[in-house]
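Please read the structure below before turning to the comments.
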Amino acid sequence: MSVKNWQIKRDMAYPYEEHRPKRQWAIVFDLNKCIACQTCTLACKTTWTSGKGQEYMFWNNVETKPYGAYPMAWDLNVLEKLGRQDWAKNGTYSGKTIFEAAPASERVVHFAPTDEDWMYPNVGEDDCAGQLNAQGEYIDQLPHDQWFFYLPRTCAHCTYPACLAACPRKAIYKREEDGIVLIDQSRCKGYGECVRACPYKKSMYNPITRTSEKCVGCYPAVEQSIQPQCVVNCIGKIRVMGFINPPWKARKDNPIDYLVHEKQIALPYYPQLGLEPNIYYIPPIHADRAYLRQMFGPQVDGAMDRYRKLTSDPVAQGLLVLMGSTDRIMHGFKVDGGKAQGFDEFGKELVSVPVTENVIVRDAFDETRKVARNNTP
């Protein structure tokens, strides 16, 4: 079958016909604000994967790039399997996707992590790229010569899921109402084809139940218009979950559409794999550009330049302030008169916040009370 993939700007091969759900679940992460506190990881772990056989299972994880990975070296393995990856000057991907590069006997290019690969979710944590001067470094320009950044990851609930394509039991399906990809536990026999096929390695095997399991997008919450646990528990307010439209149906008042399609500052990771993943990242402006081009494609340079100019864009600033300001799913937003508002699907206001918080600077000595003010831990 030939399907349209807007992230690589061309049609591509996929085992099934193109079909887009009525609404598509999506999350945007601002990587410039993630501190790897792992609150999202714990919120997910305690909600969904605290049972037997799930000890090493993290549906949400945060890994340090460039050296961290869960499971180990998942990205290096899939990129090596994919082979040469070329982009045309107009942003069209001219290489093969994992579906097009698959041998005749397979549906996708794949690899299977070993049990040991899943045992070190924090491998490479805070390891820095670049050589450090023994006398210390003074960093005064972007990008930094010494760098790392944190990459939070969940299932991307892809438009063209490799797990779904590879399942011989047809136990994996994509929900029409929100685009969330689920594994029917009553049909799964634990063959592990989805674990091997998912290039992001977000389908996992439970040796106790002997079935595959994965992130469910917190669908019970989404059905009540509440954002997922990893989003509402993010103390850095780096995430926002909503519904994304394809570019030909994009709405400027939709928070996700605005960041991805209108401002084009949030990008899918490894779009060249061909899955049209639905988690999007605002790239870290301090990290190495060559590494980021490999991860996000050639659009990353423009995205980072636009992000750095947001200080003169009150609408985008207002939307970024709205991130993390409500646990409800925002279907629309508005920024006017220094105030940012988020709305539900019926146009009812969910939250209202000032675009810029007032800053109050107090003197170190209070003349009225004749006391010194100190920072007290």
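A quick note: this is a predicted structure, and the numbers were derived from the prediction, not measured.
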Query raised in the report: Which other residues belong to the hydrophobic cluster containing Tyr150, where Ile, Leu, Val, Met, Phe, Trp and Tyr are joined when side-chain heavy atoms lie under 4.5 Å apart, directly or via other members?
Result: Val62, Phe148
Query - Test: Lys252 and Asp257 ion pair at under 4.0 Å - result: no
**Report entry** Listed partners of Arg239 passing salt bridge (charged side-chain N to carboxylate O under 4.0 Å, His left out), at least two apart
**Finding:** none
Query raised in the report: For Tyr70, what residues pass the ring pair (Phe, Tyr, Trp, His ring centres under 6.0 Å) criterion, not counting sequence neighbours?
Result: Phe58, Trp118
**Report entry** Under the side chain to side chain contact (heavy atoms under 4.5 Å, CB included) test, residues paired with Lys309 that sit two or more places apart
**Finding:** none
Report summary line: The side chain to side chain contact (heavy atoms under 4.5 Å, CB included) partners of Ala88 (sequence neighbours excluded) come to Asn90, Thr92
Report summary line: So the salt bridge (charged side-chain N to carboxylate O under 4.0 Å, His left out) pairs with at least one residue in residues 337-349 (sequence neighbours excluded) are Arg23-Glu345
Report task. If you link ILVMFWY side chains whenever their heavy atoms are less than 4.5 Å apart, which other residues fall into the same cluster as Met72? By chain and number, please. Result -> Tyr56, Met119, Tyr120, Val123
Requested in this report: Just jot down the side-chain hydrogen bond (donor to acceptor under 3.5 Å, both in side chains) partners of Tyr269, sequence neighbours excluded, or say none.
Outcome: Arg153
Report task. Could you list the residues that satisfy ring pair (Phe, Tyr, Trp, His ring centres under 6.0 Å) with Tyr93, not counting sequence neighbours? Result -> Trp87
Requested in this report: For Glu367, check salt bridge (charged side-chain N to carboxylate O under 4.0 Å, His left out) against everything at least two apart and list the hits.
Outcome: Lys370
Query - Leu76: hydrophobic cluster co-members (side-chain, 4.5 Å) - result: none
Query raised in the report: Can you list every pair that meets salt bridge (charged side-chain N to carboxylate O under 4.0 Å, His left out) and has a residue in residues 199-209, with sequence neighbours left out?
Result: none
